[in-house]
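Working notes, beginning with the structure itself.
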Amino acid sequence: QVQLVESGGGLVQVGGSLRLSCAASGRTFSTFAVGWFRQAPGKEREFVAGVSTSGIGKRYADSVKGRFTISRDNIKNTVALQMNSLRPEDTAVYYCAAGRTLTLSTESKLYDYWGQGTQVTVSS
């Protein structure tokens with residue numbers, strides 16, 4: 001069993017930065033891949049970034065490549081999402097999720113555990 005809690009969301013201006021954090025409980029956290037997803041009002045949940053169990057493998061949605069960076073610390077049981085050069089279209093509720101996907105799947109159904117989400121709002 002893994003419990004996830006996101007933090008770090010907020011209101012930021014276009015071009016600004018935010019760092020989201022996902023804190024996990026559970027001794028098996030290091031055996032799960034972790035993904036960040038987001039959902040904007042009226043839209044489906046979409047994959048943003050994923051990191052493998054070791055932290056070496058990473059995957060990004062095309063829309064955030066070069067702007068967002070995912071990282072994890074298996075000692076502290078945390079996963080971070082550094083978001084730079086934010087745009088209005090990045091506005092959404094951001095969720096972290098843990099799953100046993102070997103390919104860092106972009107499919108939300110392959111992730112078993114989810115946090116409650118944190119709101120990110122980018123104002124223009």
Could you measure the distance from the OG1 atom of Thr91 to the CG atom of Leu86? Nearest 0.5 Å is fine.
8.5 Å
Can you run down the salt bridge (charged side-chain N to carboxylate O under 4.0 Å, His left out) pairs that involve residues 98-121, sequence neighbours left out, and say none if there aren't any?
none
Report the C-alpha separation of Val51 and Leu104 in whole Å, then their side-chain angles, then the decisive distance to 0.1 Å, and conclude whether the side chain to side chain contact (heavy atoms under 4.5 Å, CB included) test is met.
CA-CA 7 Å; Val51 63; Leu104 295 179; 5.5 Å; no
If you round to the nearest 0.5 Å, how far is CG of Leu18 from CG of Asn84?
9.5 Å
Which residues pass the salt bridge (Lys or Arg N to Asp or Glu O under 4.0 Å) test with Arg45, not counting sequence neighbours?
none
Where is the tightest heavy-atom contact between Val2 and Ala24, given as atom of each residue plus distance?
CG1-CB, 4.3 Å
For the residue pair Tyr95 and Glu6, what are the closest heavy atoms and their distance?
CA-OE2, 3.2 Å
Closest non-hydrogen atoms of Leu81 and Val48, given as atom of the first, atom of the second and distance, are CD2-CG1, 4.3 Å
Please tell me whether Trp114 and Phe37 form a close aromatic pair, meaning their ring centres lie under 6.0 Å apart.
yes
Results of side chain to side chain contact (heavy atoms under 4.5 Å, CB included) for Thr103 - residues two or more places apart only
Thr101, Ser105
Count the heavy atoms belonging to other residues, nucleotides or ligands that lie under 6.0 Å from NZ of Lys76, then report whether that count exceeds 12.
no
List in chain and number order the residues that pass ring pair (Phe, Tyr, Trp, His ring centres under 6.0 Å) with Phe32, two or more places apart in sequence or in another chain; answer none if no residue qualifies.
Tyr113
Can you name the salt bridge (Lys or Arg N to Asp or Glu O under 4.0 Å) partners of Glu46, sequence neighbours left out?
Arg38
Please name all residues satisfying side chain to side chain contact (heavy atoms under 4.5 Å, CB included) with Lys65, sequence neighbours left out, ordered by chain then number.
Tyr60, Asp62
Which is it for Ser17 and Gln82 under the side chain to side chain contact (heavy atoms under 4.5 Å, CB included) test, yes or no, and what are the steps along the way?
CA-CA 8 Å; Ser17 298; Gln82 177 66 42; 4.0 Å; yes
Please identify each residue that fulfils side chain to side chain contact (heavy atoms under 4.5 Å, CB included) with Arg87, with sequence neighbours left out.
Arg67, Glu89, Asp90
For residues 117-124, which side-chain donor-acceptor pairs fall under 3.5 Å, sequence neighbours excluded?
from   : atom 1 : to     : atom 2 : distance (Å)
Thr118 : OG1    : Gly9   : N      : 3.2
Gln119 : NE2    : Ala92  : O      : 3.4
Gln119 : NE2    : Thr121 : OG1    : 3.3

Considering residues at least two apart in sequence or located in another chain, which fulfil the salt bridge (Lys or Arg N to Asp or Glu O under 4.0 Å) criterion with Lys43?
none
Qualifying residues under side-chain hydrogen bond (donor to acceptor under 3.5 Å, both in side chains), relative to Asp73, sequence neighbours excluded
none
Provide the closest heavy-atom pair for Trp36 versus Cys22 in the form atom of the first, atom of the second, distance.
CZ2-CB, 3.6 Å
Is any side-chain heavy atom of Arg59 closer than 4.5 Å to a side-chain heavy atom of Thr106?
yes
Only counting residues at least two apart or in another chain, list the ones meeting side chain to side chain contact (heavy atoms under 4.5 Å, CB included) with Gln3.
Ser25
Tell me every residue that passes side-chain hydrogen bond (donor to acceptor under 3.5 Å, both in side chains) with Ser71, counting only those two or more places apart in sequence or in another chain.
none
